[in-house]
Amino acid sequence: MRIPSSGHKRRFGAAGIINILGTNMILQLLLASHGVTIVLATLISQVFNGIFGYIMYGKWVFRCNAITQWRLPLAYAALMSLLWCINTAGIQSISSAGLGISRNLAALAMVAPLAILSYAVQKYLIFRP
């Protein structure tokens, strides 16, 4: 039985809030420390996001029963790598554009575009019905 798309969106939103809070708390703390590079800070937060998100999005949001098959974790890892690269480049670009925007605010600005991309790729490519 196929779950209506609106159910996916509501569950993705709820799961996303939980995941964003955890991931961004880690990212914001690492960026605020200035002892960690943007690359390492985004990598650490993305690893947390990937592990936590794969289980939550795969099982709860998209109700996929096959999350232990090799293709899904590999596809999800590729998505997490892509999101990490985009997030890192976005934070570096925004914070170094000469507009006086901190790394922390730049990271917050990247949340919405990354969430939209993540949802679309998960729904249509990774956890498709």
Side-chain angles (χ1 to χ4, degrees):
M1 178 172 82
R2 183 157 190 236
I3 299 166
S5 179
S6 62
H8 288 159
K9 290 176 185 173
R10 282 191 304 271
R11 286 189 305 276
F12 188 85
I17 289 170
I18 295 166
N19 201 2
I20 285 170
L21 289 174
T23 300
N24 274 289
M25 185 184 320
I26 293 167
L27 180 59
Q28 293 296 329
L29 289 170
L30 291 171
L31 290 173
S33 74
H34 291 285
V36 178
T37 66
I38 292 172
V39 173
L40 186 57
T42 56
L43 177 62
I44 292 168
S45 68
Q46 196 64 39
V47 168
F48 170 82
N49 178 300
I51 294 168
F52 184 72
Y54 182 72
I55 295 166
M56 187 165 34
Y57 296 128
K59 282 298 221 184
W60 186 59
V61 174
F62 296 105
R63 298 196 174 151
C64 181
N65 295 323
I67 67 169
T68 57
Q69 293 178 357
W70 67 271
R71 184 190 67 79
L72 294 180
L74 187 60
Y76 197 82
L79 171 62
M80 290 299 102
S81 297
L82 173 66
L83 293 175
W84 172 56
C85 291
I86 293 170
N87 197 24
T88 301
I91 293 169
Q92 287 177 333
S93 296
I94 294 168
S95 65
S96 65
L99 302 171
I101 298 173
S102 72
R103 299 180 335 164
N104 295 82
L105 288 176
L108 291 174
M110 293 301 297
V111 170
L114 292 174
I116 293 166
L117 176 60
S118 179
Y119 176 78
V121 171
Q122 288 181 59
K123 180 178 179 181
Y124 297 110
L125 298 176
I126 299 175
F127 301 117
R128 66 181 182 263

For the student: nearest non-hydrogen atoms of [X] and [Y], plus distance:
X	Y	value
A41	L31	CB-CD2, 3.9 Å
I38	R103	CG1-NH1, 3.6 Å
Q28	A107	NE2-CB, 3.7 Å
V39	Q92	CG2-NE2, 3.9 Å
Y57	A15	CE2-CB, 3.6 Å
I126	L72	O-CD2, 3.0 Å

**OP:** Keeping to residues at least two apart or across chains, list the ring-ring contact (aromatic ring centres under 6.0 Å, His included) pairs with something in residues 74-99.
**Re:**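 Of all non-adjacent pairs touching residues 74-99, those that pass ring-ring contact (aromatic ring centres under 6.0 Å, His included) are Y54-Y76.
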Give the cluster check for [X] versus [Y]: same hydrophobic cluster or not, with ILVMFWY residues linked at side-chain heavy-atom distances below 4.5 Å.
X	Y	answer
M56	L117	yes
F52	V111	no
F48	L40	yes
L29	I18	no
I91	L99	yes

For [X], enumerate each residue passing the side chain to side chain contact (heavy atoms under 4.5 Å, CB included) test, keeping only those at least two apart in sequence or located in another chain.
X	value
L125	V121
A115	none
S93	none
S81	none

Original post:
What's the spacing between L79 CG and Q122 CD if we round to 0.5 Å?
Top reply: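 It comes to 6.0 Å.
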Original post:
At what distance, to the nearest 0.5 angstrom, does CG of L43 lie from CG of N49?
Top reply: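 The distance works out to 11.5 Å.
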Mind checking whether [X] and [Y] have side chains closer than 4.5 Å, heavy atoms only?
X	Y	result
M110	I94	yes
I86	L114	yes
S118	L83	yes

Original post:
Distance-only, no hydrogens or angles: does the S33 side chain make a donor-acceptor pair with backbone N or O of L30 under 3.5 Å?
Top reply: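 Side chain of S33 to backbone of L30: a pair is present.
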Return a table of donor-acceptor pairs under 3.5 angstrom between the side chains of residues 20-27 and protein atoms on other chains or two or more places apart.
residue, atom, partner, partner atom, Å
T23, OG1, N19, O, 2.9
T23, OG1, N19, OD1, 3.1
N24, ND2, I20, O, 3.3

